[in-house]
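Counting from 1, the numbers follow the sequence of the chain as shown. No experiment lies behind these values; they were computed from the predicted model shown. In each ligand, atom 1 is the first atom listed, and ligand 1 is the first ligand listed.
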Amino acid sequence: METNNSRKIAFEILKKVFKNKSFSNILLNDVSKMQITEKFKNLIFAIVHGTITNQILLDQVSRKLIDVKKTNINVQILLWMSIYQIRFLKTIPQYAIVNESVIIAKSINHKFSGLMNACLKKVINSEEELFDFSMFDEERRICIENSFPKSLFNLIKKGYGIGIAKKVAIDSNEKPVISFRVNTLKTNAEDFYINNQETYELEKTTIKDCLISKKAIVKSPSYVNGEITIQDPASILVSNVLNPSKDTNVLDMCSAPGGKLTHLSMLMENTGHITAYEISENKIKLIKENIERLGCTNIDLKCGDATLINQKEFFDHILLDAPCSGFGVLKRKPEIKINNIEVNSIKAIVDIQEKLLDTAYFNLKTNGTIVYSTCTINPDENQNQIKKFISKYKNIEIVEENQLFGYEMNTDGFYICKMMKK
Ligand SMILES: C[S@@+](CC[C@H](N)C(=O)[O-])C[C@H]1O[C@@H](n2cnc3c(N)ncnc32)[C@H](O)[C@@H]1O
């Protein structure tokens, strides 16, 4: 019975994701609080995450079975999640997948049960043929097989070349690592590694204070007591690159949920003063919780629009970790793949980034440094944005510039550019 419920719960979540553009992590958070066994929670997580990650592929397979124009969207969603289980969750008996999908189909409308049964039997009997896309050209095949939007593939190909576009598409389905930053306000990376290596199956990385764990660490005592915080290795690099000096005035313009902000505080050893802005009121609580948990005492947090900051040439160091299209974090947020990439919304983001950069320039001291970063792979938000910035302000000089695509070390994709005002 409970297995039936797990699939029904997964189906309800997927309807909200595909029809209302809800974020699965918020819905799955509710699942983690439910009174059901870990086994069934894990099944729900696997079905929801796997169906979203592979939606483009699953849709292409569905198109070989049904006329999508004439098929109810709920039936299509159910078909995607059922095909996902048959193809990717090989330990589940196929009859269980078919039986339970047919029951859910019947609950949508009894007339769909026969269709669901017939489609899934065909998937079981002709799986390899249905998943074969060798008839398409290489680029289209790579996009379908890795569920990577063709429009995004073309954008990356135009900006960075075909080789990189292929690697990013293939990497987008990799499982991200569990990585975290050791909080040197409370312990140090070497001690933490030695004391916890076995408990969490830890691995060292080349990035300062960043470790990788093979085990879930998010609810661990070390997390709760603030010795560590979950952060991607590429994200940890950002504050390391700014590397603010102790006893200086620092500005973090876009700070939620506070990963890089609390890292800046840690690098400054709680000295000096950090002014942190965040426009979204409902994210402030989360930043405060992180500041508290990690023991940061040099931060003044403000809820407001960072483009309105008016403290001319006051700051020694500025971090502008800008709002962006997020194409570097597809491994963690696969919904970004399925929400159509709209050129107009990217244009609006590029305009906000430009305004934020103008404000950063105005508020930065002479000889001060700024890091501009995004978690995306898009020249207009990254390299071209900075070209525009340095051609506008002649006394800005690039100190270092790095585009990580994410496939190099299985991290998020990040653009990090450090500049100095002369
Ligand atoms: C990429 S996230 C920042 C991540 C953060 N630096 C971290 O490491 O945890 C960008 C943030 O900028 C905020 N934001 C967007 N426009 C803003 C503005 N005009 N002023 C201040 N914050 C803004 C968004 O709400 C979002 O939380």
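Aromatic ring pairs are classed by plane angle as parallel below 30°, tilted from 30° to 60° and perpendicular above 60°; the pair Y361 and Y393 is parallel.
A donor-acceptor contact closer than 3.5 angstrom links the side chains of Y160 and Q403. Of the N and O atoms on the side chains of T307 and D305, at least one donor lies less than 3.5 Å from an acceptor on the other residue. D321 and S373 are linked by a side-chain donor-acceptor pair at a separation below 3.5 angstrom, with hydrogens and angles left out of the test. No donor-acceptor contact under 3.5 angstrom links the side chains of N20 and K15, judged on distance only. Residues N270 and T297 bring a donor and an acceptor atom of their side chains to less than 3.5 Å of each other.
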Show the distances, to 0.1 Å, for all pairs joining an N/O atom of ligand 1 and a protein N/O atom that are shorter than 3.5 Å, listing one pair per line.
residue  : atom   : partner : partner atom : Å
ligand 1 : 6 (N)  : C254    : O            : 3.0
ligand 1 : 6 (N)  : D321    : OD2          : 2.7
ligand 1 : 8 (O)  : K260    : N            : 3.1
ligand 1 : 8 (O)  : K260    : NZ           : 2.9
ligand 1 : 9 (O)  : P257    : N            : 3.3
ligand 1 : 9 (O)  : G258    : N            : 3.1
ligand 1 : 9 (O)  : G259    : N            : 3.0
ligand 1 : 19 (N) : D305    : OD1          : 2.9
ligand 1 : 20 (N) : A306    : N            : 2.9
ligand 1 : 22 (N) : I279    : N            : 3.2
ligand 1 : 25 (O) : E278    : OE2          : 2.6
ligand 1 : 25 (O) : K283    : NZ           : 3.1
ligand 1 : 27 (O) : E278    : OE1          : 2.9
ligand 1 : 27 (O) : E278    : OE2          : 3.3
ligand 1 : 27 (O) : K283    : NZ           : 3.0

